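As structure tokens, the structure follows; a few thoughts come after it.
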Amino acid sequence: MSQKHATTLIKSLCARGAVLHARALFDEMPDRDVVAWTAMLSGYASSGRHREALDLFRSMAAAGVIPNEFTLSSVLTACRAGGGGGAASIHALALRRGVDHTPYVVNALINAYGSRGGGDGLVDARWLFDALGEGRTAASWTSMIAGYARWGQENTGLQLFQNMIQDDVELSPFICSIAIHACSLVGNLYFGQQIHALSMRIALGANLAVANSLVDLYCTCANILDARRLFDEMPERNLVTWNTIIAGYSRRDPLMAMQLLVNMDIEPNCLTLTSITSACAGLSALRCGQQVHGAVLRRNYGDDLKVSNALVDMYSKCGNILNAKKVFNMMTCKDILSWTSMIGGYGMNGYVNEAIKLFNSMVHAGVHPDHVVFLGLISACSHAGLVDEGWNLFRSMLFEYNIQPNKEIYGCVINLLARAGRLREAFILIDTMPLTPDESVWGALLGACKMHRNLELGRLAAGKIIEINPDAVEAYILLANICAADSKWGEYAVTRMLLKGTGSSKEVGMSWIELTDEMYSFSTADSSSPQVSLADEVLQILVQHMDETGSDFIDNICRGA
DNA sequence: CAGCGGGTTG
């Protein structure tokens, strides 16, 4: 076999994925010129075997074969995949060989620099890109824009994409999906829609990746029904399509996410199951969640970090803390989300001490807490009435960990103080917090004022809420109730009158529970089913029993209800 | 006889 023949064969074997056979043939060749080496090298690089590609490049140098521009662009592909390290030394080599200005090498360099860890090669990439001037090809634009998108500079990338359109460069489905994804990351629905229209015009809308990124755009930046319409109209769908729409629904309409799973015509993967696990968490559907857990284990996804995190969260939200703990303890590697889910799970199920203990283990394990962890901890203390513990955690968050609290945390601390009857302190905190207190913050105070029958602060809080939102029905009702409890009948009448004046009615809050495969939903004062009155009776017995045991915690709940 | 780029889902 001639050398040319063998090289052609290597190329076609690599193209069909038989890289090992190609290598065997390569090793048997008596003479190997630069073309043969490059064919083998590029076979490795384009199949993601960058380690082997770089090793081969070293052997080639050792064999004394001089690389040309074709060789170098393939090596750069391997560098890019390995985090962009080594791009500069290949650049230097290209310079020495005098091939640093050939289009393929420059584009490969832009790509490799644009992939370098942390995005610190973007400036170098841009420099090469700008130097190309009129020599820019679609590949140059795509590499540069993808580089920006890769490192969180989506807006710069989108700006460049706009220039690309103005320059009349032909658009590929690749660049369109990159740009659409960038739009959804920065929440730029408007630009995304423009690219949508553009893609339809140049017949790229039928491309699966383009359509998938559009579904994702509408899921994250628009009404989920817009995403659904697009999804329904797609003539062809793949796993990414299903995962995108299911993930979109898992947050907003978990029941629909389940429905979609049932309608799936392909095998779900671990991403699908992660979204479905969250959907179960959102529905507090324990039995469904357990079935999903079974599906996860059967498919050997049990070691996946994100699935495990979702499972811990699901079991916690379904009240099954034992299984949450089991999953958590089985995890071989944990991230901050794992700890947060477990700590929050203990908190929301009333195991404050366990939550605090686990928080200490987390810190001991070297994981730096964030504000979500503290929110879980402080809210647990608030629900358990552990005012001092909660307050100390708040202080530790501020002074030990230098975490700036957000509104949610302030609301939580205000709840903590106010529910415990420390209304004055709660008010002072609202008054001195560096953020503008919103409806929910004042609402926490107002609710506690009702619980503790404090008319003076209740009036003030209700006034603030109505100032922010004149239609805040709850505020009128709570204030009226406080007046009534204090026998201020004149003020009571006025407040009720103002309530009528808002013209709005309170939306009925619904709750649901899953019992032996059936979902039941109900509201307070619901008498539509016989089970409700039975549940009411049981509740009365429980309350009586708890009264007899005399727990402050339970007392607070009953008075707050 | 060879070469670059680039995609969507948690």
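Since the model is a prediction, treat every value here as computed from it, not as a measurement. In the text below, chain A, chain B and the rest are named by the order of the sequence lines, each starting its count at 1. The analysis underlying the following values was restricted to heavy atoms, covering all of them including side chains, and did not include hydrogens, waters or symmetry mates.
Atom pair A:D304:CG and B:dG10:P shows a separation of 13 Å (rounding to whole Å applied). We find that OH of A:Y301 is positioned 13 Å from C1' of B:dG10, with the value rounded to whole Å. Per the geometry, CD1 belonging to A:I195 stands 14 Å off C1' belonging to B:dT8, to the nearest Å. With rounding to whole Å, A:W141 atom CH2 is found 15 Å from B:dG6 atom C1'. In this structure, CG of A:L76 is placed 16 Å from C1' of B:dG6, rounded to the nearest angstrom. In this structure, the CD1 atom of A:I110 is 12 Å from the P atom of B:dG5, given to the nearest Å. One interatomic measurement links the two molecules: OH of A:Y249 to P of B:dG10, which rounds to 16 Å at whole-angstrom precision. Here B:dT9 presents its P atom at 12 Å from CG of A:N238, a figure rounded to the nearest Å.
For the residue pair A:R126/A:Y148, the side-chain donor-acceptor check at 3.5 Å is satisfied. Checked by atom type, the side-chain pair A:S278/A:R251 shows no donor-acceptor distance below 3.5 Å.
Using a 4.0 Å cut-off, no side-chain N or O of A:R32 falls inside it from OP1 or OP2 of B:dC1. Regarding contacts with the backbone of B:dG7, every side-chain N or O of A:H181 stays at 4.0 angstrom or more from both OP1 and OP2. In this structure, A:S42 does not reach the B:dA2 phosphate: none of its side-chain N or O atoms is under 4.0 Å from OP1 or OP2.
Surrounding OH of A:Y351 are at most 12 heavy atoms belonging to other residues, nucleotides or ligands under 6.0 Å away. A:Q166 CD: more than 12 foreign heavy atoms inside a 6.0 Å radius.
Among the protein residues, A:A39 comes within range of no part of the nucleic acid, since none of its heavy atoms lies under 4.0 Å from any strand. A:T77 comes within 4.0 angstrom of sugar-phosphate atoms only, judged by non-hydrogen atoms across all strands, and of no base. Among the protein residues, A:L271 comes within range of the nucleic acid bases, having at least one heavy atom under 4.0 Å from a base atom. In this structure, A:V210 reaches the bases: a heavy-atom distance under 4.0 Å links it to at least one base atom across the strands shown. In this structure, A:S177 reaches the bases: a heavy-atom distance under 4.0 Å links it to at least one base atom across the strands shown. Note on A:N68: a base of the nucleic acid sits closer than 4.0 angstrom, heavy atoms only. When heavy atoms are screened at a 4.0 angstrom cut-off, A:N269 is found touching no nucleic acid atom at all. Note on A:A138: a base of the nucleic acid sits closer than 4.0 angstrom, heavy atoms only.
The side chain of A:A108 has B:dC4 as its nearest neighbour among B:dG7, B:dC4, B:dA2. Of the candidates B:dT8, B:dG7, B:dG10, the closest approach to any side-chain atom of A:S275 belongs to B:dG10. Of the candidate nucleotides B:dG10, B:dC1, B:dT9, B:dT9 has the atom nearest to the side chain of A:N243. Here the side chain of A:S74 is nearest to one of B:dC1, B:dG3, B:dG5, namely B:dG3. With distances taken from any side-chain atom of A:N207 to the nucleotides B:dG7, B:dG6, B:dG5, the minimum falls on B:dG7. When each of B:dG5, B:dC1, B:dT8 is scored by its nearest atom to the side-chain atoms of A:D33, the top-ranked nucleotide is B:dC1. Side chain of A:D216, nearest nucleotide from B:dG3, B:dT9, B:dG5: B:dT9. Side-chain atoms of A:Y104 lie closest to B:dC4 of the nucleotides B:dG5, B:dT9, B:dC4. Each of B:dC1, B:dG6, B:dG10 was ranked by its minimum atom distance to the side chain of A:T8; first place goes to B:dC1.
Judged by distance alone, with hydrogens and angles left aside, A:S172 brings a side-chain donor or acceptor within reach of the base of B:dG6, the pair sitting under 3.5 Å.
Taking the six-membered ring where tryptophan is involved, the planes of A:F328 and A:W339 are perpendicular, since the angle between them exceeds 60° and thus also 30°.
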Next on the checklist: Apply side-chain hydrogen bond (donor to acceptor under 3.5 Å, both in side chains) to residues A:N212 and A:T244 and explain how you reach the verdict.
Outcome noted: CA-CA 7 Å; A:N212 288 344; A:T244 306; 5.6 Å; no
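Atom CZ of A:F374 is separated from atom CD1 of A:I343 by 9.0 Å, given to the nearest 0.5 angstrom.
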